Every structure is written in structure tokens, then in C-alpha cells.
Trainee: 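I'd like to ask some things about the structure below.
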Number of protein chains: 2
Amino acid sequence: MNNRSHRAFKEQLYDQFVRIGRALANPHRLELLDLLAQSERTVEDLAHEAGMSVANASQHLQTLRAAQLVEVRRDGLYGYYRLADDSVFRLWQAIRDVGETRLAEVERVVRTFLDDRDSLQAVSAEELVELLHDDRVIVLDVRPAEEYRAGHIPGARCLPVAELEARLRELPKNREIIAYCRGPYCVFADEAVALLRAHGYRARRFAQGLPDWRVAGLPVERLEGDEP
Amino acid sequence: MNNRSHRAFKEQLYDQFVRIGRALANPHRLELLDLLAQSERTVEDLAHEAGMSVANASQHLQTLRAAQLVEVRRDGLYGYYRLADDSVFRLWQAIRDVGETRLAEVERVVRTFLDDRDSLQAVSAEELVELLHDDRVIVLDVRPAEEYRAGHIPGARCLPVAELEARLRELPKNREIIAYCRGPYCVFADEAVALLRAHGYRARRFAQGLPDWRVAGLPVERLEGDEP
DNA sequence: CGATTATTCAATTATTATATTGAATATATG
DNA sequence: CATATATTCAATATAATAATTGAATAATCG
């Protein structure tokens with residue numbers, strides 16, 4: 001291959017890969033990817049959770065779709081968006097990892113909003129694998145029930161953090177509780193652990209989230225009769 | 001945490017992570033990252049190889065630096081840029097992986113410029129690990145010598161593809177040759193294999209590149225007395 | 001010191017990205 | 001069939017990004 005066509009080849013390749021880069025160049029789109037990593041969701045639902053207008057969310061989802069990072073399934077009035085495949089979540093993981101490793105501001109933001117995070121004694125995936133078979137431990141999925149239905153750690157109980165305080169009596173105090181949620185920067189598990197401890201429970205959080213657990217090749221359970 | 005501060009937290013987090021996304025939103029910057037994955041290089045050198053003006057390359061490198069994806073070391077008149085750490089290469093790998101998995105156009109571009117690629121019978125990292133200890137095999141690093149010096153597969157010979165034809169007599173015909181280069185989309189190894197076969201050698205290429213080998217935790221050799 | 005060289009800076013122009021708004025589309029429901 | 005609803009589309013104004021140009025810096029070398 002001569003120099004000119006070599007350069008043309010590289011330009012065409014990078015022009016393709018940059019479609020992915022461009023799709024990642026907006027904070028709303030990153031948040032959408034983060035939400036979609038949990039379960040498929042409708043446009044309006046995503047717009048509401050991410051604090052943006054429906055039209056704006058729709059446009060960003062179309063941008064993500066153009067880069068093939070998400071897919072959509074139509075059902076009646078609704079469009080259910082989902083991540084295209086696990087490679088997309090791994091890409092988001094890679095960004096998170098660079099941010100954690102390289103951007104001091106990420107840690108600063110976390111410290112500002114969650115000042116006593118170190119005290120939560122996060123449990124690693126390896127530790128959690130062991131604890132799954134320990135009947136002195138309860139694993140709690142504190143995400144919204146929808147996301148639990150879309151996939152959860154085998155044996156975990158569904159108890160969304162919003163309902164936790166009202167349903168505390170369901171949890172025995174003689175067992176340690178490991179709460180998990182969407183990911184390392186999700187506050188649900190942090191809040192659950194704080195609440196549980198305030199009520200006299202022994203509690204810790206899983207360091208990561210359900211999608212990280214899944215792409216690590218660890219087992220995920222799904223309730224029957226739900227959407228594929 | 002109340003809803004308002006929860007949203008502020010998320011916004012500040014995604015605003016940080018998107019610094020990384022934005023840095024990846026330009027084809028020249030992707031190419032610069034790809035080149036820097038091999039070895040540190042000067043601005044002028046990078047500009048020349050990536051076919052851009054020096055001022056433009058300098059600006060893009062500064063953008064990458066602002067996102068903490070690259071670092072620079074000054075030595076006299078020169079600034080030597082390098083990837084900040086392995087997490088940055090893994091991020092580029094993740095983009096490549098999504099592109100390969102999701103973008104049909106990537107495969108189309110590869111087919112257009114390298115039409116008989118399947119015939120190269122690429123060797124996986126696992127296979128190559130075995131072949132390293134096989135004395136019927138020669139492993140050939142066909143990248144520029146600079147990149148070989150910055151790190152190569154133990155036992156590999158340095159024979160840049162540009163010099164290959166002139167130095168064919170250095171290679172015995174009774175041994176199989178495995179050529180490797182910068183990565184899966186680099187044409188150096190493809191060209192080396194084609195040339196070698198045309199001269200009666202048995203030759204295949206390594207499917208990936210040296211940086212992929214390195215971050216897979218496989219051994220890398222470095223010549224003494226070179227830059228850190 | 002003056003000339004050379006690698007790199008960065010600053011200004012300019014063209015292009016692209018973004019959020020908002022209101023309308024359009026299409027499906028479901030009574 | 002009329003209404004309601006979820007989503008998309010189109011137009012617009014604003015902001016961010018990018019390449020080019022020529023000048024400015026700063027280190028090296030004769």
C-alpha cells in the first residue's frame with residue numbers, strides 16, 4: 001500500500017471510530033448510557049430521571065443510536081431504549097476508570113457530596129461472591145424494582161432505597177446486609193447503608209454495580225415473564 | 001441527600017467524565033492516542049506521522065493533556081508526549097472493540113483497503129505465548145525501531161517493514177515467521193506477511209499489537225540505556 | 001550574542017453541536 | 001372517530017470546536 005492510500009485508510013478508520021468518541025462527548029449522553037446499563041427504559045422515563053426535556057432526551061438518544069451504542073424497541077406508544085451490547089458498557093467502564101485514575105476532580109466531587117464514604121467499607125466482587133453462600137448475610141438490591149426485574153444478583157432481595165425505611169422490619173438484625181445499586185458512583189447503596197446503620201444494622205455496600213457484576217461474568221438472575 | 005443536591009452531584013460527576021469523552025471526539029486525537037500507545041514522541045514527529053500541521057498537532061495534544069490522557073516531558077527543545085497510563089490505552093481498546101462489534105463500516109473500510117485479510121491467519125495472544133518458546137518460529141517486530149526500543153515482545157527481532165525487503169537474507173526460510181506491529185488495524189504486519197510469503201516464507205501476523213500484549217499482562221522487553 | 005529550531009500562543013474564520021420551542025406523527029383509548 | 005399520549009421532527013439562536021496563519025517563546029548551537 002502506498003503512502004497516499006495508507007493515509008486514506010487511516011482517515012476512514014478514525015472517522016469511523018470517532019463516531020463513538022463524539023457520542024461520548026456530552027454529559028447527558030453519558031448519563032443516559034449509565035441509566036441504560038441497568039435496564040431498558042422509555043424516552044420520557046429517561047428524560048425525567050436525567051432532568052432533561054423529552055425532546056432533548058429523544059435527540060440525544062438518536063445521537064447514541066446513530067453511533068450504534070443503543071438500540072430501540074417499539075411497543076405501542078413507547079420506545080424502549082437499551083444498550084446495544086456489553087462492549088458499550090465496558091466502554092463506559094473504561095471512561096469511569098480513566099476518570100477515577102486520572103481526574104482528581106472526580107474524587108473531589110465524591111468527597112464533597114459523600115464525605116464519609118470510606119466508612120462504608122465497600123465489598124469487592126470477589127468478597128461478595130463468597131458472601132453469597134453465607135446465610136449470615138443478606139444481599140439487598142436497593143435500585144428501583146424495574147431494574148431488579150431486569151436482572152439482579154442471585155438471591156438478592158429487592159428493596160428500593162426509597163422504600164427501605166418503611167420496610168425495615170423485613171430485615172433481621174442478626175444478619176449482615178450488603179447493599180448494591182447501579183455502580184460505584186451511585187448513591188443508593190450509600191444511603192441504604194447509612195440508614196441501616198442508623199437503625200442498628202451491620203451493613204456495607206458492594207463497591208460496584210449490577211452491570212459491573214454482570215460483565216465480570218458473574219451470575220445474574222432474572223424474574224420470569226418480563227421483557228427480554 | 002435530597003433531590004436537588006443529588007442532581008448537582010450527578011451533574012458534577014458527568015461534567016468530569018465528559019472531559020474524557022470530549023477528548024475522544026476528534027479523529028486526529030484518536031490517531032495521536034493510537035500512536036502514543038507505542039512510545040513517547042515529539043510534537044513534530046507526531047504531526048508528520050498523522051499528516052497534520054505542527055500547530056494543529058500541538059493544540060490537539062494540549063486538549064488531550066487537559067483531559068489528563070497524555071503527559072509531556074520536556075527535554076531541551078523537544079516535548080515528548082506519552083499516554084498518561086494503561087487505563088488510557090484500555091479506553092482506546094474499548095472504543096476499538098465497540099467499533100469492531102457495532103460498526104459495520106469499520107469492517108467495510110478494512111475490506112476495501114486490505115482485501116485478502118482473512119488469508120493472513122492472524123495468531124492470537126494465547127497462541128503466540130506458546131510459540132515464543134518454539135525455536136522453529138521467529139517473532140518479528142516490524143514497527144519503526146524507536147517503537148521496538150520502547151518495548152517489544154521478548155525474543156522478537158527488530159525489522160521495520162520499510163527495511164524488510166532489503167534485509168530478507170537475515171531470515172532463515174526454514175522457520176515460520178510471526179510478524180507483529182502496532183495493533184489490529186495497523187498495516188505493517190499485513191505488509192510484512194505479504195512480502196515474506198511472496199519470497200517463499202511461511203508467515204502469519206499477530207492479531208493485535210504490542211500495547212495490547214502489554215496490557216494483557218504479558219512480558220515486555222526493553223533495551224537498556226533508553227528513555228524511561 | 002545572533003541564528004536556528006521546536007513548540008506554543010492568539011486571532012480569525014468556518015463548521016458543528018446544543019437546547020428550546022412548537023408542530024407533526026403515530027399509536028392507543030373511549 | 002375524536003382524543004390523549006409518547007415520540008420525533010424542524011427551525012432557530014447560541015455556544016463550542018477546529019484548522020490556519022503568523023507571531024511569540026524558549027532552548028540550543030555556532
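Note that these values count all heavy atoms, side chains included, but never hydrogens, waters or copies made by symmetry. Because the structure is predicted, anything quoted here is derived from the model rather than measured. Convention: sequence-line order gives letters A, B, ...; per-chain numbering from 1.
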Trainee: Would you say A:Ser58 places a side-chain N or O within less than 4.0 Å of OP1 or OP2 belonging to D:dT8?
Mentor: yes
Trainee: Counting side-chain heavy atoms from CB outward, which of D:dT8, C:dT8, C:dA6 is closest to A:Gln62?
Mentor: D:dT8
Trainee: Please determine if B:Arg102 and A:Glu71 form a salt bridge, counting it only when a charged side-chain N lies under 4.0 Å from a carboxylate O.
Mentor: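 So B:Arg102 pairs with A:Glu71 through a salt bridge.
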Trainee: My understanding is that only residues two or more places apart in sequence, or in another chain, count here; which of them pass salt bridge (Lys or Arg N to Asp or Glu O under 4.0 Å) with B:Asp34?
Mentor: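 If we apply the salt bridge (Lys or Arg N to Asp or Glu O under 4.0 Å) test to B:Asp34, skipping adjacent residues, there are no hits.
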Trainee: When you check the gap from the basic side-chain N to the acidic O, do A:Asp190 and A:Arg117 get nearer than 4.0 Å?
Mentor: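 Salt bridge between A:Asp190 and A:Arg117, a charged N being under 4.0 Å from a carboxylate O: yes.
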Trainee: Please determine if A:Arg96 and A:Asp212 form a salt bridge, counting it only when a charged side-chain N lies under 4.0 Å from a carboxylate O.
Mentor: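 The answer is yes: the pair qualifies as a salt bridge.
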Trainee: Given ring pair (Phe, Tyr, Trp, His ring centres under 6.0 Å), test A:Phe9 with B:Tyr185 step by step and report yes or no.
Mentor: CA-CA 10 Å; A:Phe9 172 56; B:Tyr185 298 103; 7.7 Å; no
Trainee: Any N/O pairs under 3.5 Å between the protein and nucleotides 25-28 of chain C? List them or say none.
Mentor:
none

Trainee: Which heavy atom of B:Leu13 sits nearest to which heavy atom of A:Val110, and what is that distance?
Mentor: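 So the minimum-distance heavy-atom pair works out to CD2-CG2, 4.3 Å.
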Trainee: Do you see a donor-acceptor pair shorter than 3.5 Å between the side chains of A:Ser58 and A:Gln62?
Mentor: yes
Trainee: So, are B:Arg41 and B:Glu146 salt-bridged, with charged N and O less than 4.0 Å apart?
Mentor: no
Trainee: So does A:Arg7 pair up with B:Glu31, basic N to acidic O under 4.0 Å?
Mentor: yes
Trainee: A:Arg74 CZ to D:dT5 C1': how many Å, rounded?
Mentor: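 One finds 15 Å between C1' of D:dT5 and CZ of A:Arg74, rounded.
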Trainee: Quick one: is D:dT7 close enough that its OP1 or OP2 comes under 4.0 Å of any side-chain N or O from A:Arg41?
Mentor: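 Answer no for this pair, as no side-chain N or O of A:Arg41 is under 4.0 Å from OP1 or OP2.
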Trainee: Figure out the OH/P separation between A:Tyr78 and D:dA4, and round it to whole Å.
Mentor: 16 Å
Trainee: Taking the ring of B:Tyr180 and the ring of B:Trp213, is the distance between their centroids below 6.0 Å?
Mentor: no
Trainee: Each nucleotide N or O in nucleotides 16-21 of chain D that has a protein N or O under 3.5 Å away: list the pair and distance.
Mentor:
| unit_1 | atom_1 | unit_2 | atom_2 | d |
| --- | --- | --- | --- | --- |
| D:dA18 | OP1 | B:Asn26 | ND2 | 3.1 |
| D:dA18 | OP1 | B:Arg29 | NH2 | 3.4 |
| D:dA18 | OP2 | B:Arg29 | NH1 | 3.1 |
| D:dA19 | OP1 | B:His28 | NE2 | 3.4 |
| D:dA19 | OP2 | B:Asn56 | OD1 | 3.2 |
| D:dA19 | OP2 | B:Asn56 | ND2 | 3.4 |
| D:dA19 | OP2 | B:His60 | NE2 | 2.5 |

Trainee: Tell me, please, which residues at least two apart from A:Tyr80 pass ring-ring contact (aromatic ring centres under 6.0 Å, His included).
Mentor: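 Counting only residues at least two positions away or on another chain, A:Tyr80 forms no ring-ring contact (aromatic ring centres under 6.0 Å, His included).
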Trainee: The criterion is side-chain hydrogen bond (donor to acceptor under 3.5 Å, both in side chains); which residues satisfy it with B:Arg65, sequence neighbours excluded?
Mentor: none
Trainee: In whole angstrom, what separates A:His48's NE2 from D:dT5's C1'?
Mentor: 17 Å
Trainee: Under 4.0 Å, counting only non-hydrogen atoms across every strand here, what does A:Tyr81 touch: a base, just sugar-phosphate, or nothing?
Mentor: sugar-phosphate
Trainee: Counting only heavy atoms and a strict 4.0 angstrom limit, can you tell me which residues of residues 6-20 of chain A come near DNA chain D?
Mentor: none
Trainee: Starting from C1' on D:dC9, measure out to CG on A:Leu61 and report it in whole angstrom.
Mentor: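 Rounded to the whole Å, the gap is 15 Å.
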Trainee: CZ of A:Arg65 versus C1' of D:dC9: gap in Å, rounded?
Mentor: 14 Å
Trainee: Measure from CG on B:Leu64 to C1' on C:dT8 and round the result to the nearest Å.
Mentor: 16 Å
Trainee: Check the distance between C:dT5's P and B:Asp45's CG and give it to me in whole angstrom.
Mentor: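 Roughly 17 Å, once rounded to whole Å.
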Trainee: Rounded to the nearest angstrom, tell me the gap between atom CD in A:Glu31 and atom P in C:dT18.
Mentor: 15 Å
